[in-house]
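Computed from a predicted model, the values in this text were never measured in an experiment. Just so we're on the same page: letters track the sequence lines, and every chain starts at 1. Any value given below was found using the heavy atoms of this structure, including those in side chains, with hydrogens, waters and symmetry copies removed.
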2 protein chains.
Amino acid sequence: MTSLSIAEAAEQTGLTAHTLRYYERDGLMLRSVERASSGHRRYTDDDLRWIQMVTRLRSTGMPIRDVRRYAALVREGEGNEGERLALLLAHREVVERQLAEVTSHLRAIDHKIAIYENKVAPGA
Amino acid sequence: MTSLSIAEAAEQTGLTAHTLRYYERDGLMLRSVERASSGHRRYTDDDLRWIQMVTRLRSTGMPIRDVRRYAALVREGEGNEGERLALLLAHREVVERQLAEVTSHLRAIDHKIAIYENKVAPGA
DNA sequence: GTCCGACTTCGAGTGCACTCCAAGTCAAGG
DNA sequence: CCTTGACTTGGAGTGCACTCGAAGTCGGAC
């Protein structure tokens, strides 16, 4: 089991060290990250896997407070899988609606682009 | 040609009156919206069409400052279609990259959902 | 004539998610 | 022993995009 410094964890996850500390103090981690005798954080593989899940939720637009609720459920342990599932399904709905909206707006923009392409380089 | 009050324009566009005023003073409109003798804004069909374009750009994630630049180009009039096109194409790239990222993250979340569905109602 | 409601302006406030700073600690190298 | 560099903390600051509040104006209904 490897264990990484915050700088290494930052590089692995694509987040900054600032953000990793912020996530931890904001209750997004499953538990406090372990410390070396120096007090420096040591990230385990489990930590990294969890951070990856957080990243997935975040970059699909889930607000921090919902990620925190999800983390709390997972932290509680077995027995609340129904709630976790409900939370993820609700998020999924939101994401799909958003994807559909963005896609349709993008199509309209593409139409505009086509018009300009004809103006700028007709017949290109 | 209809001409709408700010409340009607808000309803038509799905924005709030506050946001319409904000867009105007932030330079996102092509020109100052006309006024009734009372000083109240009167939105024309052209205004509404432009606001729709702004909404498309915004809800695909274009920052306000880029919308402002695009508005400035359109305001300048003919001759800079190349620049407008470049701006829209650059935006298109960003949006597509983002769509791809969100889609792939969503797939990973779906996988997690499937796991929970099996746990919660196995064989459902 | 005055009341109401929809508007006006300017500027301040909000919420979100970071992002940064200052001052301090620690282990290792020279 | 002293310096260096990577870390630590609490709290403050930033950027974005709204969002709201206060005070004032205007036209029409009663």
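Between A:Arg35 and D:dT9 there is a side-chain N or O to OP1 or OP2 distance below 4.0 Å. The phosphate of C:dC18 has OP1 or OP2 within less than 4.0 Å of a side-chain N or O from A:Tyr23.
Salt-bridge formation is detected for the pair B:Arg49/B:Asp46: a Lys NZ or Arg NE/NH1/NH2 atom is positioned less than 4.0 Å from an Asp or Glu carboxylate oxygen.
Residue-to-nucleotide proximity on DNA chain D shows that, of A:Arg42 and B:Thr19, the 5′-proximal contact is made by A:Arg42. Between A:Ala7 and A:Arg25, the residue anchored nearer the 5' end of DNA chain D, judged by the nucleotide with its closest heavy atom, is A:Ala7. Projected onto DNA chain C by closest heavy-atom contact, B:Ser38 and A:Arg21 fall at different nucleotides, the more 5' of which corresponds to B:Ser38.
Using cut-offs of 30° and 60° for the angle between ring planes, the A:Tyr116 and B:Tyr70 rings count as perpendicular.
Summarising the geometry, the separation between CZ on A:Arg41 and P on C:dT25 is reported as 17 Å, rounded to the nearest angstrom. Remark: P of D:dA17 and CG of B:Leu57 are 12 Å apart, rounded to the nearest angstrom. Taking atom CD of B:Glu34 as the reference point, atom C1' of C:dC7 lies 17 Å away to the nearest angstrom. One interatomic measurement links the two molecules: CD1 of A:Ile64 to P of C:dC16, which rounds to 10 Å at whole-angstrom precision. Atom CG in B:Asp26 sits roughly 11 Å away from atom C1' in D:dC16 (whole-Å rounding). C:dC7 atom P lies 21 Å from atom OH of B:Tyr22, rounded to whole Å. Residue B:His18 contributes atom NE2, which lies 17 Å from atom P of C:dA12 at whole-angstrom precision. Atoms CG (A:Leu20) and C1' (D:dT8) sit 14 Å apart, rounded to a whole Å.
Heavy atoms of B:Ser5 sit under 4.0 angstrom from primed sugar atoms or phosphate atoms, though from no base atom. Among the heavy atoms of the strands lying under 4.0 Å from A:Arg58 are primed sugar atoms or P, OP1, OP2 only; no base atom is included.
Below the 3.5 angstrom threshold, one finds no donor paired with an acceptor across the side chain of A:Arg65 and the base of C:dG15.
At least one side-chain heavy atom of B:Tyr23 sits under 4.5 Å from a side-chain heavy atom of B:Leu15. A 4.5 Å side-chain heavy-atom check between B:Leu57 and B:Leu88 finds at least one atom pair inside the cut-off.
In this structure, the side chain of A:Arg42 does not engage the main chain of A:Thr2 through any donor-acceptor pair within 3.5 Å.
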